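Because the structure is predicted, anything quoted here is derived from the model rather than measured. This chain uses plain numbering: 1 for the first residue, then up along the sequence. No hydrogens, no waters, no symmetry mates; every other heavy atom, side chains included, goes into these values.
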Amino acid sequence: WRDEQDSRKFEIGAGDTVLDEYLDSLLLTMKPGEACSCSLPSSCFTESNSRPGKEVVSVTVHLESMPDRHLPCRLPAPAEHLVSAKNLKDRGGQLVGRSMWWLAARRYSRAVRHSILGLTAKDVAEALTEELRDVRAKCHLNLAACQLRLGDMARVVKNCGYVLDARPDNVKALFRRACALTAVKEYEQAETDYKHAVQLEPKNRQVQEGYEQLKKLKQKQADYYHNALKSMFGGK
């Protein structure tokens, strides 16, 4: 990567920013000596905490050289996928600590992918399978937490659903899905999750506060419809 004012180095598959993802996609389709002109979101060149915007920057990528393509190639072993998933999870946690939800979500998503690849490999040891499942569940939950911050409620529901399919008594998944369902005014479904979570952890303050807030929203909705019907029929 050459630029008079930018001397950053990139390694295919090693980065986790939006720019890294675009460069990975480009370089993996290029041959040594080729150049590719393209337009990338301007946010790629900043440590942005938001999705790529509409403003673009035109760049040209040159692939000067690469290792011999005839080197032996093998698929990563399940244990290697586990290591990659754990590393991505840890790096996602670092970004969460800096409130960089968008970049953290991308790392957790990649960690989920590695855990799935490890689980679907052949002849995976039982102990390794359990560890991969545990990492996958944690990354789905962390991903859902980031998506809550980003307002992506549909994906929150989806990721929590993956966890609850295997672990129906997971309180974090129930709570986060309930929060997302509340945000999109699916109050009945949210109440089902809150009730289940309260039964499992009746002293969980976060769950209690969320459930109380839901009750107030439901009452407000009921009052609105009551007044609307009353007005429609002339107050009778």
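Residues that satisfy the side chain to side chain contact (heavy atoms under 4.5 Å, CB included) test with E209, not counting sequence neighbours, are R205. Scanning for side chain to side chain contact (heavy atoms under 4.5 Å, CB included) contacts around Q213 gives K216, L217, with sequence neighbours left out. For S37, the side chain to side chain donor-acceptor pair (under 3.5 Å) partners are T60, not counting sequence neighbours. Scored by the ring pair (Phe, Tyr, Trp, His ring centres under 6.0 Å) test, Y194 finds Y211 as partners (sequence neighbours excluded). Considering only residues two or more places apart in sequence or on other chains, Q206 meets the side chain to side chain donor-acceptor pair (under 3.5 Å) condition with none of them.
Separating the CG atom in D152 from the CG atom in L143 is a distance of 9.0 Å, to the nearest 0.5 Å. Between C146 atom SG and N159 atom CG the span is 10.0 Å, to the nearest 0.5 Å. Note that OG of S84 and CZ of R113 are 11.5 Å apart. Values are rounded to the nearest 0.5 Å. Remark: R106 CZ to L88 CG distance equals 10.5 Å, nearest 0.5 Å. With rounding to the nearest 0.5 Å, the separation of CG in L95 from CZ in R107 is 4.0 Å. The CD atom of Q94 lies 12.5 Å from the CG atom of L103; values are rounded to the nearest 0.5 Å.
Pairs passing the ring-ring contact (aromatic ring centres under 6.0 Å, His included) check and including a residue from residues 109-153, sequence neighbours excluded, read H81-H114, H140-Y162. Sorted by first and then second residue, the salt bridge (charged side-chain N to carboxylate O under 4.0 Å, His left out) pairs involving residues 156-173 (not counting sequence neighbours) are D134-R167. Residue pairs meeting the ring-ring contact (aromatic ring centres under 6.0 Å, His included) criterion with at least one partner in residues 168-187, sequence neighbours excluded, do not occur; the list is empty.
The minimum heavy-atom distance between E80 and A77, with the atom names listed, is OE1-N, 2.6 Å. Scanning all heavy atoms of the two residues, the minimum distance from S115 to A85 falls at N-CB, 4.2 Å. What you find for C139 and A111 is that their closest heavy atoms are SG-CB, 3.5 Å. Here the closest non-hydrogen pair linking A178 and A190 is O-CB, 3.6 Å.
Two different hydrophobic clusters hold V157 and V171 under the rule that ILVMFWY side chains link at heavy-atom gaps under 4.5 Å. No continuous path of ILVMFWY side-chain contacts below 4.5 Å connects L214 to L181, so the two sit in separate hydrophobic clusters. Note: the hydrophobic cluster containing M30 also contains V59 (ILVMFWY, side chain heavy atoms under 4.5 Å, direct or indirect links).
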Please determine whether side-chain contact (heavy atoms from CB on, under 4.5 Å) holds for the pair V198 and K195, giving the CA-CA distance in whole Å, both sets of side-chain angles, and the decisive distance to 0.1 Å. CA-CA 5 Å; V198 169; K195 284 182 176 179; 5.8 Å; no

Could you walk me through whether K218 and Q221 pass the side-chain contact (heavy atoms from CB on, under 4.5 Å) check? CA-CA 5 Å; K218 286 191 66 178; Q221 184 184 67; 5.5 Å; no

Q189 and D193: CA distance, side-chain angles, deciding distance, side-chain contact (heavy atoms from CB on, under 4.5 Å) verdict: CA-CA 7 Å; Q189 295 180 53; D193 282 347; over 6 Å; no

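Side-chain contact between L164 and R177 is present, with at least one heavy-atom pair separated by less than 4.5 Å. In this structure, the side chains of L200 and H196 come closer than 4.5 Å at one or more pairs of heavy atoms.
The main-chain N or O of A105 is never found under 3.5 Å from a side-chain atom of S109 such that the two would form a donor-acceptor pair.
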Please list every donor-acceptor pair under 3.5 Å in which a side-chain atom of residues 124-133 meets a protein atom from a residue at least two apart or in another chain.
from : atom 1 : to   : atom 2 : distance (Å)
T129 : OG1    : A125 : O      : 3.0
E130 : OE2    : R133 : NH1    : 3.0
E131 : OE2    : K86  : NZ     : 2.4

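Its side chain within the 4.5 Å cluster rule, V112 clusters with I116 among the Ile, Leu, Val, Met, Phe, Trp and Tyr residues. The hydrophobic cluster containing L148 also includes M153, V156, V184, under a criterion of side-chain heavy atoms closer than 4.5 Å among ILVMFWY residues, counted directly or through chains of members. Think of L141 as one node in a network of Ile, Leu, Val, Met, Phe, Trp and Tyr side chains linked at under 4.5 Å; its network also takes in V163.
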